[in-house]
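In this chain, numbering begins with 1 at the start of the sequence shown.
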Amino acid sequence: MSFFEAIILGIIQGVTEFLPVSSSGHLIVAEKIFHVDTRSDLLFEAVLHLGTLLAVIAAFWSDWKIMYKECTRLPSDLMKNMKTYIHNKMYETDEVPYIKILHNPQRKMFVMIIVSTILTAAVGYLFKDIAGKVSHSVLAAGLGFFISSVFLFVVDYWNYGDRLPKDSNFRQAAVIGLLQGISVFPGISRSGITITAGRFFGFRKNYAIRYSYLMSVPVILGAVLLELGNLKIAGITWKMGFIYLCGMLSAAVTGFFCIRLLLRQLQKQRFRIFAIYCALIGIVSLVCNFMLPIS
């Protein structure tokens, strides 16, 4: 892999991870066009995911700081409620009140993200063998793009609801997590399917977008750990290490600016343009599958 190819693939990963157009599908098509085979290079896939992970953490740094504080305080509140329960049982009284665990939107969103992540992991584990077989299939990516296009057309016409975290519930988080799990298949946009689900449940547009991005962090982190866990002893030279680092940085920088751009633009623009794009790139994928030689 050349320096230029690593930069291009990093930019594709950074842009398409956060646009509702499927990063995995675009990387498969790009590999086909450039005749680059990364299926045996788990380290490069891991560093690209690491780049997008850094992007979403940096873009939502203030949100993560607040949720981290709530995360550290949550066990303490649970322990206090346990002590209250024991005290009330021992003295057969209800005089000591319980602490409300989900007393603010940040803590509720944090717990909802945990619920979504658990369901995503369950679906991903269930379909891991099938997804692995088609993970580099241009044909599968093309079909996935068409599925993403349908979801985005649906969300474009579903503009009902103005719910915020205080109005959402764990059943909705579970369903969004289940749908996010389907994005293990190439071409199916993770952000597209989760934003669609959020809007379907009546989430306010900016809340649906932020929830989609925030819940991507444990998913991307899990992907990085899985890829690194499958690595054997890698004889990486200084030159290849530099190329991989450039790929990661290009993914991180482009991902960060794409998030910032989308948070402003998607709240006033419609998703139809992305739906049309997914349909078109789906056609391109099918053309690549049948017309270009297998590298």
Checking Leu179 against Ile182 for the side chain to side chain contact (heavy atoms under 4.5 Å, CB included) test, could you report, in this order, the C-alpha distance in whole Å, the side-chain angles of both residues, the deciding distance, and whether it holds?
CA-CA 5 Å; Leu179 290 173; Ile182 300 173; 3.9 Å; yes
Taking C-beta and beyond as the side chain, do Tyr277 and Ile273 meet within less than 4.5 Å on heavy atoms?
no
d(Gln13 CD, Thr254 OG1) to nearest 0.5 Å is 8.5 Å
Among side-chain atoms of Tyr211 and Ser168, is any donor-acceptor pair under 3.5 angstrom?
no
Go through the steps to decide whether Thr194 and Gln180 satisfy the test side-chain hydrogen bond (donor to acceptor under 3.5 Å, both in side chains), and finish with yes or no.
CA-CA 6 Å; Thr194 53; Gln180 180 173 238; 5.2 Å; no
Treat each ILVMFWY residue as a node, draw an edge where side-chain heavy atoms are under 4.5 Å apart, and state whether Trp61 and Tyr68 are in one component.
no
Rounded at 0.5 Å granularity, tell me how far CE in Met248 sits from SG in Cys246.
9.5 Å
As a quick check of understanding, evaluate side-chain hydrogen bond (donor to acceptor under 3.5 Å, both in side chains) for Ser22 and Ser189, giving each step before the final call.
CA-CA 4 Å; Ser22 176; Ser189 168; over 6 Å; no
Should Val184 and Leu178 be counted in the same cluster of Ile, Leu, Val, Met, Phe, Trp and Tyr side chains packed under 4.5 Å apart?
yes
Can we say Asp77 and Arg107 salt-bridge, meaning some charged N sits less than 4.0 Å from an Asp/Glu carboxylate O?
yes
Which heavy atom in Pro20 sits nearest to a heavy atom in Cys278, and how many Å separate them?
O-SG, 3.7 Å
Answer yes or no: is there a donor N or O on one side and an acceptor on the other, between the side chain of Tyr213 and the main chain of Ala59, under 3.5 Å?
no
Which atom of Pro186 lies closest to which atom of Ser137, heavy atoms considered:
CG-O, 4.5 Å
Taking all non-hydrogen atoms of both residues, which atom of Met215 and which atom of Ser212 are closest, and how far apart?
CG-O, 3.3 Å
Sidechain-backbone polar pair: Ser148 side chain, Ile193 backbone, donor-acceptor under 3.5 Å
no
Could you tell me the separation between the CZ atom of Phe3 and the CD1 atom of Ile243, rounded to the nearest 0.5 Å?
8.0 Å
Any idea which heavy atoms bring Ala6 and Ser250 closest together, and the distance?
O-OG, 4.1 Å
When rounded to the nearest 0.5 Å, the distance separating CH2 of Trp64 from CG of Leu214 is 5.5 Å
Thr120 side-chain N/O to Gly177 backbone N/O, donor-acceptor pair under 3.5 Å
yes
About how many Å separate CZ of Arg204 and CZ of Arg163, when rounded to the nearest 0.5 Å?
13.0 Å
Which heavy-atom pair separates Phe146 from Ala279 by the least distance, and what is that distance?
CE2-O, 3.4 Å
Grab the two heavy atoms, one from Val111 and one from Phe170, that are nearest each other, plus how far apart they are.
CG1-CE2, 3.5 Å
Answer with yes or no whether the hydrophobic clustering places Val150 together with Leu139; edges join I, L, V, M, F, W, Y residues whose side-chain heavy atoms lie under 4.5 Å apart.
no
Could you verify whether a donor N or O on one side chain and an acceptor N or O on the other, from Glu17 and Thr52, lie under 3.5 Å apart?
no
Taking the side chain from His26 and the backbone from Val21, do they hold a donor-acceptor pair closer than 3.5 Å?
yes
dist Asn81:CG -> Tyr98:OH (nearest 0.5 Å) comes out at 7.5 Å
Residue pair Met67 / Ile113, side-chain heavy-atom distance below 4.5 Å:
yes
Have a look at Ile220 and tell me which of Leu225, Ile57, Leu53 forms a side chain to side chain contact (heavy atoms under 4.5 Å, CB included) with it.
Leu53
4.5 Å side-chain heavy-atom contact, Asp162 and Tyr207
no
Ignoring hydrogens and angles, tell me if any N or O in the side chain of Lys108 forms a donor-acceptor pair with the backbone of Lys166 under 3.5 Å.
yes
Can you tell if the side chain of Val175 reaches within under 4.5 Å of the side chain of Phe201, non-hydrogen atoms only?
yes
Please determine whether side chain to side chain contact (heavy atoms under 4.5 Å, CB included) holds for the pair Phe60 and Lys65, giving the CA-CA distance in whole Å, both sets of side-chain angles, and the decisive distance to 0.1 Å.
CA-CA 9 Å; Phe60 294 101; Lys65 282 199 301 184; over 6 Å; no
Any non-hydrogen side-chain atom of Val47 less than 4.5 Å from a side-chain atom of Leu245?
no
